Number of protein chains: 2
Amino acid sequence: MIELIFLGTSGGMPTKNRAHSAIALRYGGEILLFECGENTQRQLMYTTYSPMKIDKVFISHWHADHFAGLPGLIQSMSLLNRAKDLHIYGPKHTKKFVDMIMKTGHFNCRFDVVAHDITSKKMVCAGKKYSVFALPVSHSVETLAFKFEEMPKQGKFDAVKAKKLGVEGPDFKKLQKGKSVKIGKKKIRPEQVIGPDRPGKTITYSGDTAYSEKLIEFAKKSDLLIHEATYGDEMKLWAKKVKHCTNVQAAELAKKAKVKELILTHISPRYKETKTFLAQAKKKFRNTKVASDFMEVQVK
Amino acid sequence: MIELIFLGTSGGMPTKNRAHSAIALRYGGEILLFECGENTQRQLMYTTYSPMKIDKVFISHWHADHFAGLPGLIQSMSLLNRAKDLHIYGPKHTKKFVDMIMKTGHFNCRFDVVAHDITSKKMVCAGKKYSVFALPVSHSVETLAFKFEEMPKQGKFDAVKAKKLGVEGPDFKKLQKGKSVKIGKKKIRPEQVIGPDRPGKTITYSGDTAYSEKLIEFAKKSDLLIHEATYGDEMKLWAKKVKHCTNVQAAELAKKAKVKELILTHISPRYKETKTFLAQAKKKFRNTKVASDFMEVQVK
């Protein structure tokens with residue numbers, strides 16, 4: 001199961017109810033952090049997500065509302081005696097900016113912070129059972145969208161058939177794990193009782209971006225698309241000018257990409273409540289939610 | 001009247017209840033910010049203190065828990081179309097570190113941020129009716145304590161005596177404002193009816209510091225001393241090693257400096273509650289409080 005928590009959902013400036021951008025994704029004992037807006041370290045304290053399990057941070061772009069939590073997070077990790085490397089993936093200049101963060105103030109960091117400049121569409125990193133891909137999108141500065149892809153999972157195990165074939169005891173478990181077993185002189189191969197691989201789950205996240213056709217292909221059939229929606233439909237001209245998206249554009253993209261679910265985030269402080277905002281988007285794509293701080297999502 | 005609000009009172013790392021260091025002082029329509037820990041801009045949103053009225057920020061030293069709120073605060077001020085200069089006063093390297101903050105990320109700041117390196121005891125700035133002084137103290141890196149000094153106020157006006165001298169109408173106001181008036185051929189000088197100047201209020205603030213004898217003189221007879229107390233008395237050896245103060249040391253200093261009131265802040269996350277912590281300090285100096293986030297203080 002993939003779990004996510006929205007740690008901050010505001011666009012540009014925080015509000016009383018929305019902190020700066022940050023989303024934590026928990027999978028296989030690891031936490032991946034998408035964006036690290038100001039105060040992310042403290043937002044984490046109100047959740048069950050430990051900062052010490054974060055080894056990879058993905059920064060969509062270098063505007064302060066997406067990265068200003070990094071100095072504090074790194075400093076606190078160091079105070080907590082972290083020793084492991086911390087990887088930061090972002091667009092062009094990530095190395096340069098991370099280097100400056102580490103030189104601002106008296107830091108004495110006890111671990112290595114490894115920055116990665118991602119300048120083209122590619123797989124940026126992989127865990128045991130997942131990969132993360134990046135795609136440059138269109139914003140006022142170099143910006144990336146990210147995709148978390150769970151590896152395909154083993155197909156369904158047909159226990160009844162296995163028993164009929166005479167498999168039992170420790171062999172049963174062995175076969176279930178995808179290894180051949182011998183029953184007398186007969187070899188039972190896993191493909192006899194295990195169905196075809198089941199696709200892993202896919203979550204696509206786009207931080208700040210203008211409506212971006214490229215994202216349709218990148219997000220294709222994602223189980224979840226998290227997309228910025230800084231503005232409502234009434235602001236679409238302005239949104240275009242400042243290279244942001246509206247709720248309706250994000251919903252249109254979700255529809256075209258045939259994703260299963262859409263969550264809108266990076267909401268401008270101008271929207272004190274989001275009833276109309278959500279309704280506008282739902283007209284285009286029904287399975288839409290508007291993120292709120294500390295909203296939790298499970299992708300099973 | 002001088003008003004203060006504690007925006008963050010934690011030491012080193014934030015906790016669920018305490019944000020990183022920051023104290024806002026409101027006086028004569030202006031707000032002076034002492035420290036700018038992470039999330040100061042959002043803490044301000046829960047108060048009546050507008051970030052746009054901050055023209056001067058005082059950073060005791062360049063550890064992240066004292067300055068990591070600067071990038072976000074500056075960014076948001078810019079988004080709110082600030083045009084006025086913002087002055088940042090701090091110890092050695094302040095110019096260098098502020099310069100790096102302004103170069104980290106794509107900033108496009110619409111106003112000038114003017115940094116000042118303060119390397120010796122001196123008056124660092126003045127407003128219409130106040131001055132701020134700095135004193136280098138002893139911490140693991142270059143660190144300053146600050147003192148806010150209200151200018152002396154005009155003495156008490158003796159209205160009865162003024163009337164007896166025949167002063168009335170517009171002349172009464174004129175005399176009250178400290179100007180001589182003529183009653184017939186007689187000149188009435190303000191010193192005849194206005195008592196000696198009354199001293200202004202003084203607030204001394206010391207961020208991170210080891211017990212520092214120099215502070216006794218600097219804080220002498222302050223109306224309020226705000227002093228770091230990272231640790232309780234049981235940690236005094238450790239406190240000495242890492243150049244911090246204990247609650248009891250701060251209280252001792254308050255006593256020696258003959259201040260009127262002491263507020264302890266920068267409390268280590270290890271102290272979940274502060275009943276004993278406060279009691280230990282009160283034994284040395286009775287008029288002591290432990291700061292909490294959003295605690296408000298008036299100095300009249």
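Just so you know, these numbers come straight off a predicted model, no measurement behind them. Each chain gets a letter, A, B and so on, in the order the sequences are listed, and its residues count up from 1.
Comment: Arg82(A) engages Asp55(A) in a salt bridge, judged by a side-chain N to carboxylate O separation of less than 4.0 angstrom.
When each of Ser76(A), Ser140(A), Gly69(A) is scored by its heavy-atom pairs under 4.5 Å with chain B, the top score falls to Ser76(A). Counting heavy-atom pairs under 4.5 Å between each of Lys96(B), Arg18(B), His66(B) and chain A puts Arg18(B) at the top. Between chain B and the options Met45(A), His61(A), Glu142(A), heavy-atom pairs under 4.5 Å are most frequent for Met45(A). Of the listed residues (Met13(B), Lys16(B), Met100(B)), the greatest number of heavy-atom pairs within a distance under 4.5 Å of chain A belongs to Lys16(B). Options Gly72(B), Ala19(B), Ala68(B) differ in how many heavy-atom pairs under 4.5 Å they form with chain A, and the most are formed by Ala19(B). Chain A forms more heavy-atom pairs under 4.5 Å with one residue of His93(B), Lys103(B), His20(B) than with any other, namely Lys103(B).
Of all the heavy atoms in Thr204(A) and Phe218(A), the pair that sits closest is CG2-CD2, 3.8 Å. Residues Gly12(B) and Leu79(A) share a closest heavy-atom pair of O-CD1, 3.8 Å.
At a 4.5 Å heavy-atom cutoff, the contact between Leu80(B) and chain A is made by side-chain atoms alone. When heavy atoms are compared at a cutoff of 4.5 Å, Ile59(A) does not approach chain B at all. At a 4.5 Å heavy-atom cutoff, the contact between Phe97(A) and chain B is made by backbone and side-chain atoms alike. At a 4.5 Å heavy-atom cutoff, the contact between Gln75(A) and chain B is made by side-chain atoms alone. Contact of Thr40(A) with chain B is made through the backbone alone, with heavy-atom distances under 4.5 Å.
Aromatic ring centroids of His266(A) and His244(A) lie under 6.0 Å apart. In this structure, His63(A) has its ring center closer than 6.0 angstrom to the ring center of His139(A).
In this structure, CG in Leu215(B) is found 5.5 Å from CG in Leu135(B), a value given to the nearest 0.5 Å.
Using the six-membered ring where Trp is involved, His116(B) and Tyr89(B) have ring planes that are parallel, under 30° apart on the 30 and 60° scheme.
A donor-acceptor pair under 3.5 Å is formed between the side chain of Asn247(A) and the backbone N or O of Asp233(A).
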